[in-house]
Amino acid sequence: MSLRRKLVVGNWKMNGNLAQLAELGPIAEAAREAGGVDVGICPPFTLIAAAGTRAGGLMIGAQDCHAKDKGAHTGCTSVAMIKEAGARAVIVGHSERRTDQHETDPEVRAKAEAALAGGLVTIVCVGEHALDRAAGKHEAVVSSQLDGSLPDGWEEGELVVAYEPVWAIGTGNVATPADVTGMHGAIRAALVARYGDLGGRIRILYGGSVKADNAAELFACPEVDGALVGGASLTAEQFVPIVEAAAPS
Ligand code: PGA
């Protein structure tokens, strides 16, 4: 069994409302019953505080943060702000933000540094586009994202890496176990080369069309320490089986 406890995080993206927080109760209960697995939900900013009151042991997180503490940055939200709302984790560098908001590796890294300094579980996302994979450049692309997006040293918080091939996100085209094993092995090697022993302890999540029917197969791949789940995290009915698949048997 891996020394790294599995972590399953739901990314609600721009979905959900107060009524949907009713899903948290059964998810938290399933997580407690399954045992041995860490489970989080990252709702939109507006729901973080309310989610915290219903978390029942779930780790509530944000989907982004700003690198600065405060200032003239209209529409942005700092680490201190999401923490005060109750977040214990944050996702940074999601491919949707890299595309829609044109976030660059240095920006993602600055956010990750701020989030770690704030003591958050900091999930840094990387992943290649379909064209990169077709050209055989997927490992080079991800390696360059890791070089540019990951911070160098940190004393607080916990760094987590999420490998999310862009072509698998929201498409139903889940990566094959062979694809996942190859990439997670390459990411592990890069983390150990960069951080030594610490690199062996960093959890590496897979994300991209994780569902109840493929989760067990993905979790069985070497160096897969859990999942970042989008669509299938929106309801307890779809998310609970994924949590259960991650629990140690
Ligand atoms: P998906 O999204 O599970 O809907 O593919 C994953 C993600 O973007 O984190």
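Read the numbers this way: they start at 1 and go in the same order the structure lists the ligands and their atoms. Computed from a predicted structure; not experimentally measured. The chain is numbered in sequence order, starting from 1.
- The heavy-atom pair separating Lys68 from His73 by the smallest distance is CG-NE2, 4.2 Å.
- Atoms of ligand 1 found under 4.0 Å from any heavy atom of His94 (numbered from 1 in listed order, with element): 7 (C), 8 (O), 9 (O).
- Atom CG of Asp69 has 12 or fewer neighbouring heavy atoms from other residues, nucleotides or ligands inside a 6.0 Å radius.
- Taking every non-hydrogen atom of Gly208 and a distance limit under 4.0 Å, the qualifying atoms of ligand 1 come out as 5 (O).
- By the neighbour-count criterion of 12 heavy atoms within 6.0 Å, atom CG of Leu198 is densely surrounded, having more than that number from other residues, nucleotides or ligands.
- Heavy atoms from both the backbone and the side chain of Ile169 come within less than 4.0 Å of ligand 1.
- Not close to ligand 1: Ala232, with no non-hydrogen atom less than 4.0 angstrom away.
- Here the protein heavy atom with the shortest distance to atom 3 (O) of ligand 1 is Gly230 N, 2.8 Å.
- Atoms of ligand 1 lying under 4.0 Å from any heavy atom of Glu164, numbered from 1 in the order shown and given with element: 6 (C), 7 (C), 8 (O), 9 (O).
- Short contacts between ligand 1 and Gly170, defined as distances under 4.0 Å to a heavy atom of the residue, involve ligand atoms 1 (P), 4 (O), 5 (O).
- By the neighbour-count criterion of 12 heavy atoms within 6.0 Å, atom CD of Glu217 is sparsely surrounded, having that number or fewer from other residues, nucleotides or ligands.
- With ring centers used as reference points, Phe239 lies 6.0 Å or more from Trp12.
- Of the N or O atoms in Lys211, none lie within a sub-3.5 Å distance of an N or O in ligand 1.
- Between Leu205 and the choices Leu7, Val224, Val161, the side-chain contact (heavy atoms from CB on, under 4.5 Å) rule is met once, by Leu7.
- Nearest heavy atom pair, residue Arg98 against residue Ser149, reads NH2-OG, 3.0 Å.
- Listed by atom number, the atoms of ligand 1 under 4.0 Å from Asn11 heavy atoms are 9 (O).
- Both Val229 and Val124 belong to a common hydrophobic cluster when Ile, Leu, Val, Met, Phe, Trp and Tyr are linked at side-chain heavy-atom distances under 4.5 angstrom.
- For atom 4 (O) of ligand 1, the closest non-hydrogen atom on the protein side is Gly231 N, 2.9 Å.
- Of all atoms in ligand 1, numbered sequentially from 1 with element shown, those under 4.0 Å from a heavy atom of Ala168 are 5 (O).
- Looking from atom 2 (O) of ligand 1 to the surrounding protein, the closest heavy atom is Lys13 NZ, 3.3 Å.
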